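The figures that follow rest on heavy atoms only: side chains count, while hydrogens, waters and symmetry mates do not. Given the structure is predicted, the values throughout are model-derived calculations rather than measurements.
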Amino acid sequence: MGPQVDQREAFEELFAAHYWAVRAYVLRRAPSGSAEDVLAETFLVAWRRLDSLGEDPLPWLFGVARRVMANHQRAERRRGALTARLQGLLAGQASHWEPPTAMSEELALAMVRLSSHEREALLLVAWEGLEPARAARAAGCSPAAFRARLHRARRHVAASLADTPIAPRSTIAGEAP
Amino acid sequence: MTTDELVIAQLAGANPVADPASPSAQQRAEAERILRRVLHDAPAPRRSRRRLGLLAPVASLLVVVVVAAVVLRTGRTSTPGASPSGGLNITLSALPTPQTPRVTTAAMSREITLLQRRLASIGHGFTVTRSGANGIVVTGPKGAAGGGTARIVDLITQPAQLRFYDWEADVLLPNGRTVASQLPSQDPSALSVSQGGAEGAGFPGPGSMPLYAAVTLAARQPGQQDRRVVSRAGPQYFMFGTPGS
């Protein structure tokens, strides 16, 4: 059996093991119309990097998919920039994240107010079910940075849901456990 | 349930896409289509030689350090030594090879150019001239051998070697990490260095930095003992600059 056959089999195993999880990750964040392209590009990167994948490639695949989606969104924005400028819509586009219809209005508002990093940290845990260490790999940051990000995101959302002012970060960091 | 757990639980309840326990035929067909698209559109990845303990000649990763295709096997026909004037005088003859079955004028010209380049790397004053159909004469001033005629003969008759250098493993990004370590996370700077710009890989572009910035960045990196160098006890420094400086 040649090396290329081995590689193909290894890739097909990787695809079978993780395709559905990556597909769900993409569909939760990208318009369904572009999901197939995003998935194909994500697994194309995995195919090219097959030899350098570790034993737990799922968080890495999530990270690749997130960047592929970001590239798609940038391309879409470039295409739509002229139209948006003409319509005067470019200003005020604070967030490109669209909450799912199943989400309550209060929760959606709280999520939209988060930074993209904080929102992604929450969603990796709540939707993808990743432990913080694996989620950190998907987010492309250290576990410590991810935990801090997740902590901030939870506090912001909790405060927003409780309709209370959000405590300054220095106060949050200094709180007793 | 704590407030934090409540936030996660509410988000989980609003998950718009459940993991399909049993995908539909349409979903499986979509997956099959994507798999075919990836495998058919892209060539098989090359195996990483880092895993094999070797340097990897992957096109996008590498800078060719030495590229010299010798099409002729150069054989000595006379004993090398000193000319009557005391200078260096070596006569060589070009022999046909399987790759170049006939010693043509073009092949001789290429060979002479190659020898001139090699000799220029060790000193000045060498002359390389063609002699007859397949002869090449190398002459040099007195003392040009610089320690031995045998060294010159070795230099100009050794087959050329094609070497690859896996520079992604060593090139530093502005954040102080190597390109290779940042590629799995698709770092834009790492991708820029790895894949290059419009000019192609290896050319200065958005991922590169000025020489001074590169030197100051490199100076902040921790020292690393080169296990291949066992004769030195202390640190080893390298000096570099633009060619000819």
Side-chain angles (χ1 to χ4, degrees), chain A residues 3-4 7-8 11-12 15-16 19-21 23-28 35-36 39-54 60 63-64 66-68 99-104 106-108 110-111 122-123 125-127 129 137 140 150-151 153-155 157-159 161-162, chain B residues 1-24 26-52 56 58 60-61 168-169 180-188 190-191 194-195:
Chain A
Q4 289 196 2
Q7 284 180 303
R8 186 179 174 120
F11 178 74
E12 287 177 349
F15 189 88
Y19 170 77
W20 298 107
R23 176 180 178 273
Y25 176 90
V26 170
L27 286 176
R28 287 164 187 152
E36 184 167 330
L39 284 164
E41 285 185 42
T42 300
F43 279 97
L44 183 62
V45 173
W47 173 231
R48 288 179 56 207
R49 298 280 174 194
L50 192 60
D51 276 353
S52 58
L53 300 185
W60 180 83
V64 174
R66 177 165 51 82
R67 291 176 180 84
V68 171
T101 52
M103 190 174 280
S104 69
E106 294 79 10
L107 183 57
M111 291 294 287
L122 271 179
L123 296 181
V125 173
W127 285 358
R137 289 177 52 210
L150 184 62
H151 177 80
R154 282 167 164 165
R155 289 287 169 152
V157 172
L161 290 177
Chain B
M1 184 177 283
T2 66
T3 309
D4 286 353
E5 290 169 342
L6 193 63
V7 169
I8 296 297
Q10 284 195 42
L11 277 172
N15 187 346
V17 180
D19 290 323
S22 54
S24 66
Q26 184 183 354
Q27 288 170 335
R28 284 198 300 273
E30 175 194 278
E32 184 64 29
R33 189 167 63 243
I34 290 172
L35 178 62
R36 278 203 311 270
R37 184 172 155 186
V38 172
L39 291 175
H40 289 184
D41 285 359
R46 298 183 183 187
R47 286 224 177 252
S48 166
R49 292 198 184 176
R50 222 172 288 156
R51 179 174 289 182
L52 302 173
V58 181
S60 65
L61 309 184
E168 279 186 337
S181 71
Q182 301 298 290
L183 280 176
S185 61
Q186 301 282 293
D187 179 90
L191 289 175
S194 174
Q195 298 174 3

Euclidean distance, B/R37 CZ relative to A/E36 CD, rounded to 0.5 Å: 5.5 Å
Atom pair CZ (A/R8) and CG (B/L39), whose distance is rounded to the nearest 0.5 Å: 4.5 Å
Partners meeting ring-ring contact (aromatic ring centres under 6.0 Å, His included) with A/F15 (sequence neighbours left out): A/Y19, A/F43
Side-chain touch B/L183/A/R49, heavy atoms, less than 4.5 angstrom: yes
A/R154 side chain near B/I8 side chain, heavy-atom distance below 4.5 Å: yes
Donor-acceptor contact present, side-chain A/R67 to main-chain B/S185, <3.5 Å: yes
Under 3.5 Å: donor-acceptor pair, side chain of A/W127, backbone of B/L11: yes
A/L39 versus chain B, the contacting section by heavy-atom distance below 4.5 Å: both
Under 4.5 Å from any heavy atom of chain B - which part of A/Y25: neither
Among the listed options B/N15, B/I34, B/D187, the residue most often paired with chain A at heavy-atom distances under 4.5 Å: B/N15
Which of B/P16, B/A12, B/G13 touches chain A most, by non-hydrogen pairs under 4.5 Å: B/P16
Qualifying residues under side chain to side chain donor-acceptor pair (under 3.5 Å), relative to B/S181, sequence neighbours excluded: B/T178
Candidate pair A/L161 and B/Q10, rule side-chain contact (heavy atoms from CB on, under 4.5 Å), full reasoning: CA-CA 11 Å; A/L161 290 177; B/Q10 284 195 42; 3.8 Å; yes
Where B/V38 and A/L44 come nearest, the two heavy atoms and their spacing: CG1-CA, 3.8 Å
Minimum-distance pair of heavy atoms, taken over all atoms of B/Q186 and A/V64: CG-CG2, 4.3 Å
